[in-house]
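Here's the structure we're looking at; comments come further down.
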Amino acid sequence: MPDLLRTALRAAALLALALGAPLRAQTPPDAPALYQQHCAACHGAQRTGLMGPALLPESLERTRPAEVLRVIREGRQATQMAGYAGQLSGAEIQALADWIRTPAVPTPRWSEADIRASRIATPLPDDEPVRPKWSADPMNLFVVVEGGDHHVSLLDGDRFTVITRFASRYALHGGPKFTPDGRYVFFGSRDGWITKYDLWRLQVVAEVRAGLNMRNVAVSGDGRWVMAANYLPHSLALFDADLNLVKTYEAATLDGKASSRVSAVYDATPRNSFVVALKDIPEIWEISYDKKAAPIYDGLVHDYKMGEAIAKPGYLGVRRTPLSEPLDDFFFDQSYRHVLGATRPQAGKSETASAQVVNLDVRRKIADLPIAGMPHLGSGITFAWNGTTVLASPNLGGTGVDVIDMQSWKNLRTIPTPGAGFFMRSHENTPYAWTDSMMSKDAKDRLTIIDKRTLEPVAEVREPGKTLAHIEFTRDGRYALASVWEMDGALIVYDAATFREVKRLPMAKPVGKYNVWNKITRSEGTSH
């Protein structure tokens with residue numbers, strides 16, 4: 001009997017193990033514990049980033065889930081990010097990928113003390129000659145952001161050769177900004193870092209972390225100020241040209257009851273001010289860096305000229321323009337008196353995008369723009385046409401380029417394109433404008449070339465099976481450079497008159513290229 005009992009007990013134990021195994025296998029992986037064990041040392045205990053980038057929903061919003069999984073499995077080349085396919089199961093990798101897309105609790109904070117403590121500077125040697133280390137036209141350089149492996153290439157715009165290539169911070173965004181003399185360039189990364197790079201000496205000279213999730217940076221027309229727009233925290237951060245923090249601005253309503261992510265900040269050089277787009281509250285901000293700026297009167301005032309109410313200083317103060325809806329992105333006329341902004345669809349309010357014109361002098365909307373779909377005004381261009389100035393804007397939600405008369409604000413024409421576009425560029429010295437269709441599945445491999453005189457498409461160039469996007473011109477407008485937006489991509493140089501390929505440089509997903517002269521002179525054919 002004892003032997004039978006022992007046999008029965010053993011069988012029962014084996015049965016229990018067999019039944020219990022599937023239950024244990026179905027127990028979900030502990031993603032927070034896995035993160036602390038494998039990721040926190042590089043990405044921070046709160047996922048706010050250390051040596052590696054921040055891993056927050058706001059930082060990863062443009063990274064596809066499949067790419068997140070691939071990076072965790074395989075790692076990232078040319079970085080210290082190792083692959084974990086040999087250490088973690090598929091379920092554990094999936095759990096980590098899902099978890100880093102959830103909001104961090106408690107919400108991470110980034111204070112002025114954190115900003116100041118993050119600054120890194122490399123002083124210039126006293127005995128080093130103040131001249132470029134290369135032989136090229138300093139005004140015809142291109143800064144090329146290679147998003148595929150987080151590098152930047154400096155390109156000679158006459159010879160189309162790479163002067164140098166260097167590693168950048170993770171996920172640069174918003175376009176580099178140059179100082180007025182073209183010597184320094186500032187890069188802004190998604191995870192909040194601003195990098196100041198000396199194009200003459202080919203060296204990073206200062207860095208600072210302005211926030212945890214940053215949209216872009218702007219440099220003042222006099223080169224004295226740098227401002228950063230943050231999604232997290234809801235703030236603006238103002239620095240001097242050496243990236244020392246001057247002050248921060250909480251992006252909130254006047255009564256402090258509502259706050260907002262900051263969509264972008266732009267320099268308006270003719271106005272000596274920064275103009276700010278807010279994502280969540282219906283206001284435009286203008287912050288003047290002119291010491292003689294007029295005082296600011298908030299709230300209802302019978303006549304500000306009479307000195308009624310309590311004035312706030314205009315210098316580095318926030319001048320608010322109230323709107324009915326937030327504006328997601330901006331375009332300016334050449335005088336910078338008018339802001340042309342798009343309002344994205346909002347659940348429960350508007351199911352379609354719209355666009356409007358705001359006069360910054362009178363601080364109110366003066367017109368609606370007759371643009372259907374989802375205009376991408378931030379990539380629009382202006383040019384002279386039949387005695388007036390027109391705006392041409394690509395459209396994220398349609399197959400056409402809208403042309404608007406900037407005096408009457410009426411739609412003159414919608415130029416057909418093969419698909420929805422994101423970027424449009426031209427130059428004063430060419431009669432043609434180039435636009436992509438990169439938002440279209442079937443037409444992302446082509447650029448449409450439009451005659452600015454007739455407002456008609458006249459040609460197209462293609463890169464079959466690839467994504468072809470983001471044109472930028474040389475200083476003289478003779479050549480147009482396009483990006484093959486792939487990991488095994490390239491920079492293609494086209495003759496701007498014949499549309500023929502001149503040269504091709506292999507690059508790792510060159511997401512954008514920026515010509516020094518066109519940027520610092522605010523060329524009418526490029527973004528500002």
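This structure is a prediction, so every number in the text was calculated from the model and none was measured.
Under the rule for a ring-ring contact (aromatic ring centres under 6.0 Å, His included), the partners of Tyr197 that lie at least two apart in sequence or sit in another chain are Phe166. Take Ser288 and apply the side chain to side chain contact (heavy atoms under 4.5 Å, CB included) test, not counting sequence neighbours, and it matches Ser273, Asp290, Ala293. Checked against side chain to side chain donor-acceptor pair (under 3.5 Å), Ser168 has no partners two or more places apart in sequence or in another chain. A search for salt bridge (Lys or Arg N to Asp or Glu O under 4.0 Å) contacts involving Arg271 returns Glu286, Asp361, not counting sequence neighbours. Residues passing the ring-ring contact (aromatic ring centres under 6.0 Å, His included) test with Phe239, sequence neighbours excluded: none. With sequence neighbours excluded, the residues forming a side chain to side chain donor-acceptor pair (under 3.5 Å) with Ser189 are Asp191, listed by chain and number. Evaluation of the salt bridge (Lys or Arg N to Asp or Glu O under 4.0 Å) rule for Asp240 yields no partner, not counting sequence neighbours. Thr195 is linked by a side chain to side chain donor-acceptor pair (under 3.5 Å) to Glu207, counting only residues two or more places apart in sequence or in another chain. For Tyr494, the ring-ring contact (aromatic ring centres under 6.0 Å, His included) test picks out Trp434, with sequence neighbours left out.
Under a cut-off of 6.0 angstrom, the local environment of CZ in Arg109 is sparse, with at most 12 non-hydrogen atoms contributed by other residues, nucleotides or ligands.
Taking the six-membered ring where the residue is Trp, Phe473 and His427 present tilted rings, their angle falling between 30° and 60°. Using cut-offs of 30° and 60° on the angle between ring planes, the pair Phe422 and His376 is tilted. Using a 30° and 60° split on the angle between ring planes, Tyr266 and Phe330 fall in the tilted class, from 30° to 60°.
Applying side-chain hydrogen bond (donor to acceptor under 3.5 Å, both in side chains) to Asp298 and the options Arg319, Lys312, Arg320 leaves one that passes, Lys312.
Here the side chains of Leu481 and Leu155 are in contact, with some heavy-atom distance below 4.5 Å. Here the side chains of Gln334 and Thr382 are in contact, with some heavy-atom distance below 4.5 Å. You'll find the side chain of Leu236 stays beyond 4.5 Å of the side chain of Thr248, heavy atoms only. Side-chain contact between Val357 and Val339 is absent, with no heavy-atom pair separated by less than 4.5 Å. Looking only at side-chain heavy atoms (C-beta outward), Thr388 and Met406 stay at 4.5 Å or farther from each other.
Summarising the geometry, atom CZ belonging to Phe186 is positioned 14.0 Å from atom CG belonging to Asn216; distances are rounded to the nearest 0.5 Å. Residue Leu154 holds its CG atom at 5.5 Å from CG of Leu199, rounded to the nearest 0.5 Å. The structure places NE2 of His150 at 8.5 Å from CG of Leu172, a figure rounded to the nearest 0.5 Å. Asn230 contributes atom CG, which lies 12.0 Å from atom OG of Ser263 (distance to the nearest 0.5 angstrom). Atom OH of Tyr432 and atom CD1 of Ile449 lie 8.5 Å apart (nearest 0.5 Å). Between Lys365 atom NZ and Thr321 atom OG1 the span is 13.5 Å, to the nearest 0.5 Å.
In summary, the side chains of Ser523 and Glu428 do present a donor paired with an acceptor at a separation below 3.5 Å, with no hydrogens or angles considered. Ser483 and Lys513 share a donor-acceptor pair across their side chains, judged by distance under 3.5 Å alone. Side chain to side chain, Tyr289 and Asp267 meet the donor-acceptor criterion of an N or O pair below 3.5 Å.
Every pair passing salt bridge (charged side-chain N to carboxylate O under 4.0 Å, His left out) that includes a residue from residues 471-482 is listed here, sequence neighbours excluded: Asp137-Arg475. Each side chain to side chain donor-acceptor pair (under 3.5 Å) pair with one or both residues in residues 438-452, not counting sequence neighbours, appears once here: Ser426-Lys452, Asp445-Arg462, Asp451-Arg453. Within the structure, the salt bridge (charged side-chain N to carboxylate O under 4.0 Å, His left out) test picks out the following pairs touching residues 402-427 (sequence neighbours left out): Arg413-Glu456.
Outside the 6.0 Å centre-distance limit, the rings of Tyr249 and His234 are not counted as a close aromatic pair.
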Discussion item. Would Val493 and Leu491 count as a side chain to side chain contact (heavy atoms under 4.5 Å, CB included) here? Give the steps.
Written reply: CA-CA 7 Å; Val493 181; Leu491 201 66; 5.5 Å; no

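With respect to Asp280 and Arg261, a salt bridge is recorded, a charged nitrogen being found less than 4.0 Å from a carboxylate O.
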